[in-house]
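The analysis underlying the following values was restricted to heavy atoms, covering all of them including side chains, and did not include hydrogens, waters or symmetry mates. We count residues from 1, following the sequence as given. None of the values given here were measured: they were computed from a predicted structure.
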Amino acid sequence: MKTDIISNYDEFLKIEKEYTDLWESSVDRNIFNSPIFLKSYIKSFSETYKLHIICLRNNGILVGIAPLKILKKSFFLLKWNEVRFATEGDYRSFIIRKKIKESDIGEDQIIKNLVFEIDKLNCERVCLDYISQHSSLYKYLSKNDDLNPKLSYHIQVPKLNMYSFESFENYKKHFPKKTNKYRNKLINDHDYILSVTDKMNDSLLDEMAELHIKEKNYHIDNGNNKRYSLYEDNGRKKYIFDLQKDSKYVLHFMMRRKSDDKLICYRNTYTLDDTIYSWNTAYNPEFSSYRVNNTFFYEIFKYLFEYKSYKFFNFGSGGYPWKFSFTDDFDVLFKLDYFNKNGKFIEKLLKLKKYFNN
């Protein structure tokens, strides 16, 4: 087998068609490693990060990709290089061609070769997170004697199986208490409409970005200094726009006041096959007393049950209590994190630093 390295946008364009074919026939075909995601990420961040997209070929055929970047990290006087996934999404992994014929190379062998290439890098630490327990990468790592101990629990991703309910009328009985009270109050004071679109444009992005920043400032003013807005970074905002304007996998939900079309809240989602993935959301603080999140989900699920286009609603990473008020099902994501032989000395010093700080 042979490897090539992609480090910039022009190099990716040369393999874009091959990558699309690989993704379509991959074992873990998820939205966050789809061609538009990787293409937009490389286009937006090849100048920001040192990209190292490992492409593995067998007899000239692209069989696996490890989308990686190498970060320079430091802690006081300590410095090291760290391998991370080159992607932004709730599920991250290698892209592995599915074995169809007996003569095809196996999934484990492809992953083994990609891991071997990572070990050859001039880096001290490997930190790959958001690895689903259902992925081929996790299955390989979990049965590897050396790498299994370097796996750890990372985060939960709550999800709802809408097919487990006969109808929306059946499901809404499980909604959080007082949903109807706040929904009726909002209807009486600020009658609204639900707007759904699969298109993104400049004005809509600016409107959502403004609302997201406005909510962030509201939380900071109320004592939550850890809040931030990804839309305050122009590079990230451009990445989001490039990704969503060209993607056939986006679906945007909005609640607007009927009287003046004022945006009350929005939720960006991505869709693939039978699953809809919630990604980003914000609400107008002017409506905070109405607890619009529950009303918003009421309208979203009413819409989804009516159109019956999806089986699963994925709430995004983070096992927050409000998410588990809508479902009790979830995925578990893991993190592979270790200092290799080049970084053992740094690892020892970091442990000593942590010991003395305690």
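A donor-acceptor contact shorter than 3.5 Å links the side chain of Lys344 to the backbone of Phe339. With hydrogens and angles disregarded, no donor-acceptor distance shorter than 3.5 Å links the side chain of Lys39 to the backbone of Glu16. Checked by atom type and distance alone, the side chain of Asn201 pairs as donor or acceptor with a backbone atom of Leu204 at under 3.5 Å. The closest donor-acceptor contact from the side chain of Thr269 to the backbone of Leu251 lies under 3.5 Å. In this structure, Asp21 contributes its side chain and Lys17 its backbone to no donor-acceptor pair below 3.5 Å. A donor-acceptor contact shorter than 3.5 Å links the side chain of Asp104 to the backbone of Lys101. No donor-acceptor pair under 3.5 Å is formed between the side chain of Glu347 and the backbone N or O of Gly343. Of the possible donor and acceptor atoms, one in the side chain of Thr327 sits under 3.5 Å from a partner among the backbone N and O of Lys159. Side-chain N or O atoms of Asp242 include none that pairs as donor or acceptor with a backbone N or O of Ser40 at under 3.5 Å. Ser26 places a side-chain N or O within 3.5 Å of a backbone atom of Trp23 that can act as its donor or acceptor partner.
For Tyr49, the ring-ring contact (aromatic ring centres under 6.0 Å, His included) partners are Phe45, not counting sequence neighbours. Under the salt bridge (charged side-chain N to carboxylate O under 4.0 Å, His left out) criterion, Asp108 pairs with Lys143, sequence neighbours left out.
Each ring pair (Phe, Tyr, Trp, His ring centres under 6.0 Å) pair with one or both residues in residues 146-165, not counting sequence neighbours, appears once here: Tyr130-His154, Phe165-Tyr171, Phe165-His174.
Residues Leu243 and Tyr9 share a hydrophobic cluster, clusters being chains of Ile/Leu/Val/Met/Phe/Trp/Tyr side chains in contact below 4.5 Å. Linking ILVMFWY residues whenever their side-chain heavy atoms come closer than 4.5 Å, directly or via other members, leaves Tyr91 and Phe312 in distinct clusters. One hydrophobic cluster holds both Leu128 and Leu56 under the rule that ILVMFWY side chains link at heavy-atom gaps under 4.5 Å. Put simply, Leu263 and Ile300 are part of two different groups of oily side chains (I, L, V, M, F, W, Y) that touch within less than 4.5 Å, one to the next. One hydrophobic cluster, built from ILVMFWY side chains closer than 4.5 Å, holds both Met254 and Tyr231.
The local environment of CD in Glu210 is sparse, with at most 12 non-hydrogen atoms from other residues, nucleotides or ligands closer than 6.0 Å. Within 6.0 Å of CG on Asn224 lie more than 12 heavy atoms contributed by other residues, nucleotides or ligands. Annotation for Arg291: atom CZ does not count as buried by contact number, only 12 or fewer foreign heavy atoms lying within 6.0 Å. Other residues, nucleotides and ligands contribute over 12 non-hydrogen atoms within 6.0 Å of the CZ atom of Phe324. The number of heavy atoms from other shown groups lying within 6.0 Å of CD1 (Ile61) does not exceed 12. Counted within 6.0 Å of NZ on Lys214, heavy atoms from surrounding residues, nucleotides or ligands total more than 12; the atom is thus considered enclosed. Taking a 6.0 Å sphere around CG of Asp191, one finds it holds more than 12 heavy atoms contributed by other residues, nucleotides or ligands. Around the CG atom of Asp328, the shell of radius 6.0 Å holds no more than 12 heavy atoms that belong to other residues, nucleotides or ligands.
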> Could you walk me through whether Phe253 and Ile276 pass the side chain to side chain contact (heavy atoms under 4.5 Å, CB included) check?
Replying inline: CA-CA 12 Å; Phe253 295 91; Ile276 181 167; 3.8 Å; yes

>> side chain to side chain contact (heavy atoms under 4.5 Å, CB included), that's the test. Do Tyr239 and Lys43 meet it? Break it down for me.
In response: CA-CA 8 Å; Tyr239 160 69; Lys43 181 181 180 181; over 6 Å; no

> Under the side chain to side chain contact (heavy atoms under 4.5 Å, CB included) criterion, do Asp273 and Arg29 qualify, and how do the steps go?
Replying inline: CA-CA 10 Å; Asp273 300 331; Arg29 182 176 170 270; 2.7 Å; yes

> Taking it one step at a time, do Leu230 and His212 satisfy side chain to side chain contact (heavy atoms under 4.5 Å, CB included)?
Replying inline: CA-CA 8 Å; Leu230 54 124; His212 199 271; 4.2 Å; yes

>> Under the criterion side-chain hydrogen bond (donor to acceptor under 3.5 Å, both in side chains), I'd like the reasoning laid out for Glu207 against Tyr266: C-alpha separation, chi angles, the key distance, then a yes or no.
In response: CA-CA 10 Å; Glu207 190 179 20; Tyr266 74 83; over 6 Å; no

> Yes or no on salt bridge (Lys or Arg N to Asp or Glu O under 4.0 Å) for Glu299 and Arg183, after CA distance, side-chain angles and deciding distance?
Replying inline: CA-CA 10 Å; Glu299 300 298 342; Arg183 178 172 173 268; 3.1 Å; yes

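Contact record, Ser7 with Leu51: CB-O, 3.5 Å, taken as the closest heavy-atom pair. Shortest non-hydrogen contact noted between Arg97 and Ser25 is NH1-OG, 3.0 Å.
For Phe326 and Phe175, the distance between ring centers is under 6.0 angstrom. Ring to ring, Phe37 and Phe32 are close: their centroids are under 6.0 angstrom apart. Taking the six-membered ring for Trp, Phe313 and Phe315 have ring centres closer than 6.0 Å.
In summary, of the residues considered (Ile110, Leu114, Ile15, Asp4), a side chain to side chain contact (heavy atoms under 4.5 Å, CB included) with Ile65 occurs for Ile15 alone. For the side chain to side chain contact (heavy atoms under 4.5 Å, CB included) test with Asn144, the passing option among Leu141, Asp146, Asn148 is Asp146; the others fail.
Two residues are said to be in side-chain contact when any heavy atoms from C-beta on lie closer than 4.5 Å; Ile131 and Phe94 fail this criterion.
Interatomic distance, Leu71 CG to Lys50 NZ, rounded to the nearest 0.5 Å: 11.0 Å.
A donor-acceptor pair shorter than 3.5 Å cannot be found between the side chains of Ser132 and Asp331. No side-chain donor-acceptor contact under 3.5 Å links Tyr277 and Asn30.
By the 30° and 60° cut-offs, the orientation of the rings of His219 relative to Tyr283 is perpendicular. Ring-plane geometry between Phe301 and Phe297 is classed as parallel, the angle between the planes falling under 30 degrees on a 0 to 90 degree scale with a further cut at 60.
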